[in-house]
Amino acid sequence: MPLTEIILTENVPGLGAEADLVKVRRGYARNYLLPHGKAHEVTPGTLRQLDALKQKRAEREARELNEAEELARRIGKARFVFTLETGETGKAFGSVTAQDIMNRIKNELGAEIDRHKIVLERPIKDTGEHEVTIKLHHDVTAQLVFQVKSAEEPRDRGAEADSAAADEPEKRKKHRFFHRKKEEKKETE
């Protein structure tokens, strides 16, 4: 297959970052990279612009590294508490997943991170203190320490059962009301 050499102008996953000189198939370059502005053909003029692209890449990488380090400091200071419903034997009905951790970081710290960057072998189902590693950048990782506690069961189960029983007849009434209404319509027809 014929290959062509191009200069990338932005980060393309699986191919390279800006200012990289890469060889790709002509069709890929002609139909996707060049029309979308993700690359330029190699010409004497674009080779002169290569230094500007390298500078842009260095600035972006430095900015991303600083942001990742700042976020790692904020995550290291944060302490979260997750509550799980547990049965009488202490077995948890739910679990703390990477999605839960991501949502808590987003709500508490205001930082968006990808859930795939949270290193969690399996969902956490037991109570106690846990530590999770978060890969923010290829050079920066953060350690998140959080507590998982059992949700306290209500002490007065009798009052809860009474309120549930009180709600149930209302539902039946509503159901009967709609049922009667349908029957009335059939009778009038």
Side-chain angles (χ1 to χ4, degrees), residues 6-25 28-29 31-33 36-39 53-157 159-161 163-164 167:
I6 57 170
I7 300 172
L8 297 175
T9 57
E10 61 184 65
N11 189 16
V12 178
L15 191 58
E18 63 258 30
D20 282 349
L21 207 63
V22 294
K23 287 187 177 186
V24 295
R25 294 190 173 169
Y28 182 48
N31 296 326
Y32 179 71
L33 295 173
H36 287 101
K38 296 182 183 283
L53 286 173
K54 286 181 182 179
Q55 179 67 26
K56 178 181 163 187
R57 178 181 180 175
E59 290 171 1
R60 179 188 52 83
E61 287 176 347
R63 184 180 68 248
E64 287 176 354
L65 183 63
N66 288 337
E67 290 172 357
E69 289 173 347
E70 171 62 27
L71 184 58
R73 280 192 291 275
R74 289 174 43 206
I75 288 174
K77 292 179 184 176
R79 297 289 181 254
F80 299 132
V81 177
F82 292 94
T83 56
L84 292 177
E85 293 290 330
T86 56
E88 294 175 5
T89 60
K91 183 178 177 183
F93 292 130
S95 63
V96 178
T97 62
Q99 183 74 33
D100 297 329
I101 295 169
M102 181 196 75
N103 289 338
R104 183 65 67 93
I105 290 173
K106 181 179 176 183
N107 293 338
E108 302 282 329
L109 302 178
E112 293 253 353
I113 61 169
D114 184 20
R115 69 179 174 90
H116 299 291
K117 293 183 178 184
I118 299 172
V119 180
L120 193 62
E121 294 176 13
R122 57 179 173 71
I124 298 170
K125 292 187 171 219
D126 41 325
T127 58
E129 186 171 289
H130 298 276
E131 187 171 335
V132 173
T133 303
I134 302 172
K135 294 181 180 179
L136 300 171
H137 191 269
H138 59 84
D139 294 335
V140 179
T141 59
Q143 299 295 325
L144 176 67
V145 178
F146 59 91
Q147 290 279 336
V148 178
K149 294 187 177 180
S150 172
E152 295 179 3
E153 293 184 19
R155 293 180 183 160
D156 189 12
R157 288 186 172 212
E160 191 176 299
S163 66
D167 291 340

Q: As a quick check of understanding, evaluate side chain to side chain contact (heavy atoms under 4.5 Å, CB included) for Lys149 and Val81, giving each step before the final call.
A: CA-CA 7 Å; Lys149 294 187 177 180; Val81 177; 4.0 Å; yes

Q: Please find the pair of heavy atoms, one from Ile7 and one from Leu53, that lie closest to each other, and give the distance.
A: CG2-CD1, 3.9 Å

Q: Please confirm whether the backbone N or O of Leu136 pairs with a side-chain atom of Thr141, one donor and one acceptor, at under 3.5 Å?
A: no

Q: Could you give the distance from CG (Leu120) to OG1 (Thr97), rounded to the nearest 0.5 Å?
A: 7.5 Å

Q: What is the minimum heavy-atom distance between Ser95 and Pro123, and which atoms define it?
A: OG-CB, 3.5 Å

Q: Is the backbone N or O of Gln143 less than 3.5 Å from a side-chain atom of Thr133, with the two atoms forming a donor-acceptor pair by type?
A: no

Q: Identify whether the distance between the nearest side-chain nitrogen and carboxylate oxygen of Arg57 and Glu61 falls below 4.0 Å.
A: yes

Q: Using every non-hydrogen atom in the two residues, find where His137 and Ala68 come nearest and quote the distance to one decimal.
A: CB-CB, 3.7 Å

Q: Looking at Lys54 and Glu18, is there a salt bridge between them, counting it only when a charged N and a carboxylate O are closer than 4.0 Å?
A: no

Q: Show the nearest heavy-atom pair for residues Val119 and Lys135, with the distance to one decimal.
A: CG2-CE, 4.0 Å

Q: Could you go through Val145 and Glu129, starting from their C-alpha distance and side-chain angles, then the distance that decides it, and tell me whether this counts as side chain to side chain contact (heavy atoms under 4.5 Å, CB included)?
A: CA-CA 7 Å; Val145 178; Glu129 186 171 289; 3.7 Å; yes

Q: Take the angle between the ring planes of Tyr28 and Tyr32 and call it parallel below 30°, perpendicular above 60°, tilted in between.
A: parallel

Q: If we only count heavy atoms from C-beta on, is the Ile134 to Leu71 side-chain gap below 4.5 Å?
A: no

Q: Should the pair Arg60-Glu64 be classified as a salt bridge under the 4.0 Å nitrogen-to-oxygen rule?
A: yes

Q: Looking at Ile6 and Ala29, what are the two nearest heavy atoms and their distance?
A: CG2-CB, 4.2 Å

Q: For His130 versus Val148, what's the shortest heavy-atom pair and its separation?
A: CD2-CG2, 3.6 Å

Q: Apply side chain to side chain contact (heavy atoms under 4.5 Å, CB included) to Phe93 and Leu84, showing your working.
A: CA-CA 7 Å; Phe93 292 130; Leu84 292 177; over 6 Å; no

Q: Between atom CG of Leu109 and atom NZ of Lys77, what is the distance when rounded to the nearest 0.5 Å?
A: 11.0 Å

Q: Are Ile105 and Leu144 side-chain neighbours, meaning at least one heavy-atom pair lies under 4.5 Å?
A: yes

Q: Near Glu131 CD, under 6.0 Å, is it more than 12 heavy atoms from other residues, nucleotides or ligands?
A: yes

Q: Salt bridge check: are Lys56 and Glu59 linked by an N-O gap of less than 4.0 Å?
A: no

Q: Is Arg104 close enough and on-axis enough to Phe82, meaning under 6.0 Å and within 45°, for cation-pi?
A: yes

Q: Do the side chain of Asn107 and the main chain of Asn103 share a donor and acceptor less than 3.5 angstrom apart?
A: yes

Q: Look at atom CZ of Arg25 and say whether more than 12 heavy atoms of other residues, nucleotides or ligands are closer to it than 6.0 Å.
A: no

Q: Do Phe80 and Ile101 pass the side chain to side chain contact (heavy atoms under 4.5 Å, CB included) test, and can you show the C-alpha distance, the side-chain angles, and the key distance before you say yes or no?
A: CA-CA 9 Å; Phe80 299 132; Ile101 295 169; 5.9 Å; no

